[in-house]
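Comments concern the structure below.
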2 protein chains.
Amino acid sequence: MGKAKKRWTSEEEAALSAGVYKYGTGKWKDILNDHQFAHCLINRSNVDLKDKWRNLGCNASNSQGSSRRHTGSRYVFIFQMYFL
Amino acid sequence: MGKAKKRWTSEEEAALSAGVYKYGTGKWKDILNDHQFAHCLINRSNVDLKDKWRNLGCNASNSQGSSRRHTGSRYVFIFQMYFL
DNA sequence: CATTAGGGTTAGGGTTCG
DNA sequence: TCGAACCCTAACCCTAAT
């Protein structure tokens with residue numbers, strides 16, 4: 001019995017994306033320690049960030065291989081502005 | 001980002017064990033410089049040897065945090081596309 | 001300057017649960 | 001049943017002390 005699963009919100013995902021943009025991938029603790037993102041990710045650990053980034057499929061450069069699948073056809077863009 | 005993880009092979013572990021048997025623990029550089037083991041451990045550093053020896057035997061526990069800082073003035077828009 | 005000891009963090013395979 | 005969320009821990013990093 002692990003902890004209860006808590007779905008990621010759009011705000012959390014945006015904070016994670018912004019954090020990766022600022023620090024690069026693999027800097028999960030840095031992102032968490034950044035007061036700019038911390039308040040959004042208060043309930044997430046560095047390992048959670050890593051895991052989420054992985055299953056977001058955001059491998060920055062790797063867009064081929066057809067290993068990515070989306071069953072839906074509609075999409076929406078989320079914007080957020082972050083100071084670096 | 002750090003180096004890509006490279007799993008230790010049985011041969012590498014054997015070389016490390018033999019090295020410790022010959023020189024004793026804490027003599028990582030000596031082991032690495034020994035031509036008897038060097039060819040097997042060509043991709044490993046003295047620190048790698050120390051870390052591997054640690055989790056091969058004596059198990060310890062850990063978990064703490066650290067901190068870092070950053071201040072800037074630039075900003076960026078983060079875009080995220082969500083499939084529905 | 002080079003090396004080690006030990007705590008901290010990440011990467012990736014494995015597991016769980018809605 | 002499937003996959004997002006979570007777990008396990010070997011492998012790797014940081015750095016004070018020598």
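Proteins get letters first, then strands, A, B, ... in listed order; numbering begins at 1 in each. Because the structure is predicted, anything quoted here is derived from the model rather than measured.
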**Message:** Given the structure, check if the side chain of B:Asp51 and the base of D:dC13 hold any donor-acceptor pair shorter than 3.5 Å.
**Reply:**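 Answer yes: a donor N or O sits under 3.5 Å from an acceptor.
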**Polar side-chain contact A:Arg54-C:dG13 base: donor and acceptor under 3.5 Å** =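 A donor-acceptor contact between them is present.
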Rounded to whole Å, how long is the line connecting atom [atom1] of [X] with atom [atom2] of [N]?
X: B:Lys52; N: C:dG6; atom1: NZ; atom2: P; result: 19 Å
X: B:Asp48; N: D:dC14; atom1: CG; atom2: C1'; result: 14 Å
X: A:Leu49; N: C:dA11; atom1: CG; atom2: C1'; result: 14 Å
X: B:Lys27; N: D:dT18; atom1: NZ; atom2: C1'; result: 13 Å
X: B:Lys6; N: C:dG13; atom1: NZ; atom2: C1'; result: 18 Å
X: A:Trp8; N: D:dC6; atom1: CH2; atom2: P; result: 8 Å
X: A:Asn46; N: D:dC12; atom1: CG; atom2: P; result: 18 Å
X: A:Leu56; N: D:dA4; atom1: CG; atom2: C1'; result: 10 Å

Does a side-chain N or O from [X] land closer than 4.0 Å to OP1 or OP2 of [N], or not?
X: A:Asn55; N: D:dA5; result: yes
X: A:Arg44; N: D:dC6; result: yes
X: A:Trp53; N: C:dA11; result: no

**Prompt:** Base, sugar-phosphate, or nothing: which does B:Lys3 touch, judged by heavy atoms less than 4.0 Å apart?
**Reply:**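 Answer is sugar-phosphate: B:Lys3 comes under 4.0 Å of backbone atoms only.
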**Request:** Have a look at B:Lys50 and say if it touches a base, only the backbone sugar-phosphate, or nothing, with a 4.0 Å heavy-atom cut-off.
**Result:**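 Result for B:Lys50 = base.
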**Asked** For B:Asp30 and B:Lys5, take the nucleotide of DNA chain C holding the closest heavy atom to each; which residue's nucleotide lies nearer the 5' end?
**Response**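 The residue whose closest nucleotide sits nearer the 5' end is B:Asp30.
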**Item:** Steps toward side chain to side chain contact (heavy atoms under 4.5 Å, CB included) verdict (B:Glu12, B:Lys6)
**Value:** CA-CA 11 Å; B:Glu12 290 176 316; B:Lys6 190 169 177 300; 4.1 Å; yes
**Item:** B:Trp8 six-ring centre to B:Arg44 NZ/CZ under 6.0 Å and within 45° of normal
**Value:**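 Ring-cation test returns yes.
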**Message:** I need the B:Leu56 CG to B:Leu16 CG distance, nearest 0.5 Å.
**Reply:**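 The CG atom of B:Leu56 sits 6.5 Å away from the CG atom of B:Leu16.
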**Aromatic ring pairing A:Tyr23/A:Phe37, orientation class (parallel under 30°, perpendicular over 60°, tilted between)** =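 The rings of A:Tyr23 and A:Phe37 stand perpendicular, inter-plane angle above 60°.
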**Message:** When you compare the side chain of B:Lys3 with that of B:Asp48, does any pair of heavy atoms fall below 4.5 Å?
**Reply:**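 Yes, close enough: below the 4.5 Å cut-off.
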